[in-house]
2 protein chains.
Amino acid sequence: MSTAEETAGGEVPPWGEVTPDAARRLLVAAVEAFAERGYHATTTRDIAGRAGMSPAALYIHYKTKEELLHRISRIGHEKALDVLRTAAESEGGPAERLAEAVRSFVRWHAGQHTVARVVQYELDALGPEARAEIVALRRQNDAAVRGIIEDGVAAGDFDVPDVKGTTVAVLSLCIDVARWFNVNGPRTPDEVGALYADLVLRMVGAKSRPPA
Amino acid sequence: MSTAEETAGGEVPPWGEVTPDAARRLLVAAVEAFAERGYHATTTRDIAGRAGMSPAALYIHYKTKEELLHRISRIGHEKALDVLRTAAESEGGPAERLAEAVRSFVRWHAGQHTVARVVQYELDALGPEARAEIVALRRQNDAAVRGIIEDGVAAGDFDVPDVKGTTVAVLSLCIDVARWFNVNGPRTPDEVGALYADLVLRMVGAKSRPPA
DNA sequence: TCCGAAGGTGAGCGCCCGCTTAGAGCGCCC
DNA sequence: GGGCGCTCTAAGCGGGCGCTCACCTTCGGA
């Protein structure tokens with residue numbers, strides 16, 4: 001019986017694919033610990049302890065502490081990319097697609113900000129080939145956003161002098177939400193997503209924005 | 001005779017206030033190491049080695065490794081705040097002041113991205129009271145930017161439905177430059193600053209933007 | 001000329017890290 | 001029902017960490 005856990009926010013963490021159960025518990029514990037203290041400041045004893053297991057149990061499911069981070073990074077990036085692509089390939093004009101992409105990407109980075117923090121800020125702790133794999137996934141993020149912006153420019157809906165620079169800025173804006181977002185703060189992930197979608201449409205000079 | 005060192009970029013690092021010379025060399029070495037590998041992954045032996053000294057020498061000038069980080073954080077934040085305030089208090093209308101603030105703040109985060117990275121991303125490694133001090137400095141950043149935006153709205157120059165949210169977004173956009181900026185990349189700090197100033201003026205719906 | 005403070009070193013202490021090993025518990029299939 | 005393989009634990013190894021200590025040099029002033 002796979003217990004489909006839910007967070008307080010109602011979002012389903014994407015760890016269903018991790019089996020067996022003990023491996024998933026360890027991974028969830030690692031996400032929490034890495035997000036709170038950072039990868040290097042987290043000990044394997046702390047991860048195992050949070051999962052209710054002995055330190056040695058970790059090494060039955062993962063070869064090293066770094067493999068845990070690698071798995072978290074890959075799954076997290078794939079999930080974020082999936083969210084972004086779904087929005088990018090939806091129906092509607094460039095403005096609707098860009099707004100939806102930013103809205104859902106930001107919602108993910110706010111709602112899953114523990115995962116997002118690990119995924120976005122612990123990249124350097126990975127070894128060379130693992131890092132290369134993650135960097136490749138990031139380039140796909142970039143391509144997805146740039147594609148929508150190029151569509152908008154081609155259709156005459158957007159006014160963007162510097163497509164590559166604007167793409168970087170839009171992604172940077174969304175990703176940094178994971179750094180500052182606070183669950184006890186005044187805004188919900190949905191509200192931040194809506195605000196940011198509007199701001200991004202302004203950045204690309206969208207001809208007409210939907211009313212707030 | 002304080003030797004005013006210059007980086008390749010021509011910017012003067014703000015470490016002139018750190019004396020004696022050995023203490024400054026250690027601090028500069030720590031900035032490099034923290035920026036490259038992160039605070040927790042950096043050893044005191046590495047810092048001392050980069051400064052050309054023995055591990056024990058560090059403790060003549062700093063009580064602990066954390067005190068080094070604290071000093072770096074405080075000086076870095078003060079410098080960034082100074083840059084921001086100078087622009088915020090300059091002559092001209094809200095649009096000019098906001099553009100200049102973003103331009104110079106981004107230029108600093110790109111040009112001094114090693115310092116900025118340490119300052120922005122290693123906050124959690126500080127103890128409670130040191131962290132509180134840094135957080136107070138950050139709130140002054142926020143106040144400076146919000147002040148300009150409020151001026152623009154009051155003057156009827158800006159169209160901003162959500163001043164607090166937009167302030168957070170603008171600062172977040174600027175700060176995240178430190179994460180992705182690459183010295184060997186295609187853009188100079190000046191170019192990124194100009195691009196971002198334009199994007200931010202679009203975000204606040206400035207009535208007329210100066211030509212690129 | 002000698003002195004004391006300031007700045008430096010080599011050696012190393014005690015601790016905790018990532019990770020390993022030997023073996024115990026336990027469900028499953030023949 | 002007995003052996004096997006999977007999961008997990010208690011104990012602990014080797015090493016590198018932050019930091020300290022005893023001692024050495026350098027140098028300006030009386």
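This is a predicted model, so every value here is computed, not measured. Just so it is clear: chains get the letters A, B, ... in the order the sequence lines come, proteins before strands, and each one is counted from 1.
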> Between the side chains of B:His40 and B:Glu122, is a donor N or O closer than 3.5 angstrom to an acceptor N or O?
Replying inline: no
> Where along residues 45-57 of chain B does a heavy atom come under 4.0 Å from DNA chain C, residue by residue in number order?
Replying inline: B:Arg45, B:Met53, B:Ser54, B:Ala56, B:Ala57
> Is B:Phe181 close to B:Pro189 at the side-chain level, that is, under 4.5 Å between some pair of heavy atoms?
Replying inline: yes
> Taking the side chain of A:Ile60 as heavy atoms from C-beta outward, which of D:dC19, D:dT9, C:dG18 is closest to it?
Replying inline: D:dT9
>> Side chain of A:Thr43, heavy atoms from C-beta onward: which of C:dG18, C:dG8, D:dG18 has the nearest atom to it?
In response: C:dG18
>> Rounded to whole Å, how long is the line connecting atom CG of B:Leu68 with atom C1' of D:dG18?
In response: 13 Å
>> Just the rounded figure in Å: distance from C1' of C:dT9 to NE2 of B:His61.
In response: 13 Å
> Under a 4.0 Å N-O cut-off, is there an ion pair linking A:Arg50 with A:Glu36?
Replying inline: yes
> According to the Watson-Crick and G-U wobble definitions, with both distances under 3.5 Å, which nucleotide is paired to C:dC29?
Replying inline: D:dG2
>> Between B:Asp190 and B:Arg103 (salt bridge meaning N to carboxylate O under 4.0 Å), is one present in this structure?
In response: no
> Roughly, in whole Å, what's the span from CG in A:Leu26 to P in D:dT7?
Replying inline: 12 Å
> Do you know which two heavy atoms are closest between A:Asn141 and A:Phe105, and how far apart they sit?
Replying inline: ND2-CZ, 4.0 Å
> Please give, in whole Å, the distance from C:dC16 P to A:Arg37 CZ?
Replying inline: 14 Å
>> In this structure, how many angstroms lie between the P atom of D:dT7 and the CZ atom of A:Arg25, rounded?
In response: 13 Å
> Rounded to the nearest Å, what distance is computed from the OH atom of residue B:Tyr39 to the P atom of nucleotide D:dC17?
Replying inline: 14 Å
> Given D:dC17, is OP1 or OP2 found less than 4.0 Å from the side-chain N or O atoms of B:His40?
Replying inline: no
>> Between A:Tyr59 and C:dC19, is there a contact of a side-chain N or O with OP1 or OP2 at under 4.0 Å?
In response: yes
>> Looking at B:Arg117 and A:Asp124, is any side-chain nitrogen of the basic one under 4.0 Å from a carboxylate oxygen of the acidic one?
In response: no
> Tell me: CG of B:Leu58 to P of D:dC21, nearest whole Å?
Replying inline: 16 Å
> From A:Met203 CE over to A:Thr167 OG1, what is the distance, rounded to the nearest 0.5 angstrom?
Replying inline: 9.5 Å
